[in-house]
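The structure under discussion appears below in the form of structure tokens.
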Amino acid sequence: MNATRWLSRATIALLAIWLTACAATAAPATPTPDPLAAVESHIARREFSAALEILRQQSAQQPDAAIFPQKMGEIYLRQHRWDEAARAFSTALAAEPQSVPALLGRAEAYLQLNNPVSARNDAHAALAFGGGAAANVLLGRGFLQTQLYADARTAFSAAENDPTAAWYLAGLALADDPAAGLARLAALPDSPRRKYLLAALDGVPSDAVAGTAGVAFVQLDEWALAQAALS
């Protein structure tokens, strides 16, 4: 009787252990939060400080990962924090020298900091690594800032199907070939700046198109195009 009772208790104990092990095996593991998904969620809600805090933490934990400083740079660009953007993209490039997004991002930051030579260097590097139209547009804008108009046209022409490149090609054409410039402008997708420029140039004689366009570009904060037209 005692032996039977002991065996029953032993069996029950073993069964309990087995059931506990099975439950532990079957229980789903707690998923590891995806920091980049959290960052994108914060960005979508314009919670940039929260996104940056996650990225800083991840960068400290994974200093060799380029994606986290790259994302920081992208947020800084959106906030017009050009110096911080350039530094963040430089950190990303130290981890991954051939990162096209980081090269393009830093080129944009350099253009905003009025450093077109460094911007062109990054755009050239991005082109070598497959940056395509975006790199050509940045390259063209770098040439435009230093009044190298022929080089700017060549760079923009290499990406002429890009809407931004097409805008700059139309703006440059207004200075030296008003008819061609107006035709290019009319062919662009509708936008507030296109509408404003067309309205400003409506009925303007050919010999006054460049000057009128230059003034209109000033109103649009397109300083490099304004300088090209007015010069």
Side-chain angles (χ1 to χ4, degrees), residues 43 70-71 73-80 82 85-86 89 92-93 96 98-201 209-210 213-214 216-229:
I43 291 173
Q70 176 197 311
K71 286 290 183 182
E74 291 170 5
I75 292 174
Y76 288 139
L77 284 183
R78 292 181 65 161
Q79 297 179 314
H80 295 187
W82 313 123
F89 288 125
L93 288 165
E96 189 179 336
Q98 296 185 10
S99 170
V100 170
L103 285 165
L104 295 176
R106 191 170 68 174
E108 179 64 41
Y110 282 149
L111 283 173
Q112 298 296 338
L113 290 167
N114 199 29
N115 186 352
V117 175
S118 293
R120 293 202 304 260
N121 289 340
D122 279 349
H124 273 300
L127 271 176
F129 300 134
N136 273 306
V137 169
L138 286 164
L139 187 60
R141 288 171 59 201
F143 285 128
L144 196 58
Q145 275 195 6
T146 48
Q147 302 177 50
L148 296 171
Y149 300 130
D151 292 324
R153 286 189 185 88
T154 298
F156 291 134
S157 295
E160 63 180 341
N161 291 328
D162 179 273
T164 303
W167 164 258
Y168 282 109
L169 285 169
L172 287 169
L174 288 169
D176 54 10
D177 189 342
L182 287 168
R184 282 184 176 272
L185 188 60
L188 292 178
D190 192 30
S191 68
R193 63 181 180 177
R194 169 186 174 274
K195 187 176 297 184
Y196 175 82
L197 192 55
L198 282 172
L201 296 172
V209 164
F217 283 134
V218 169
Q219 298 300 315
L220 292 169
D221 290 335
E222 291 279 9
W223 302 103
L225 284 176
Q227 188 171 35

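Just the heavy atoms: all of them, side chains too, but no hydrogens, waters or symmetry mates, feed the values below. In what follows, residues are counted from 1 in the order of the sequence shown.
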Quick one: closest heavy-atom pair of [X] and [Y], and the distance?
X: Leu77; Y: Gly105; result: CD1-O, 3.9 Å
X: Glu160; Y: Leu169; result: CB-CD1, 3.8 Å
X: Ala86; Y: Leu113; result: CB-CD1, 4.4 Å
X: Ala173; Y: Arg184; result: CB-CD, 4.2 Å
X: Ala200; Y: Ala216; result: CB-CB, 4.1 Å
X: Pro116; Y: Gly142; result: CB-O, 3.5 Å

Hydrogens and angles aside, do Arg141 and Thr164 bring a side-chain donor and acceptor to less than 3.5 Å of each other? no
From [atom1] ([X]) to [atom2] ([Y]), nearest 0.5 Å:
X: Leu139; Y: Leu144; atom1: CG; atom2: CG; value: 11.5 Å
X: Phe89; Y: Glu108; atom1: CZ; atom2: CD; value: 9.0 Å
X: Ile75; Y: Ile43; atom1: CD1; atom2: CD1; value: 4.0 Å
X: Asp190; Y: Lys195; atom1: CG; atom2: NZ; value: 4.5 Å
X: Leu111; Y: Leu138; atom1: CG; atom2: CG; value: 6.0 Å
X: Tyr76; Y: Lys71; atom1: OH; atom2: NZ; value: 14.5 Å

Note: Arg120-Asp151 ion pair, threshold 4.0 Å (strictly below): no
Heavy-atom side-chain proximity of Leu174 to Leu182 below 4.5 angstrom: yes
Trp223 versus Gln227: any side-chain heavy-atom pair under 4.5 Å? no
If the plane angle is over 60° it's perpendicular, under 30° parallel, otherwise tilted; pick one for Tyr168 and Phe156. parallel
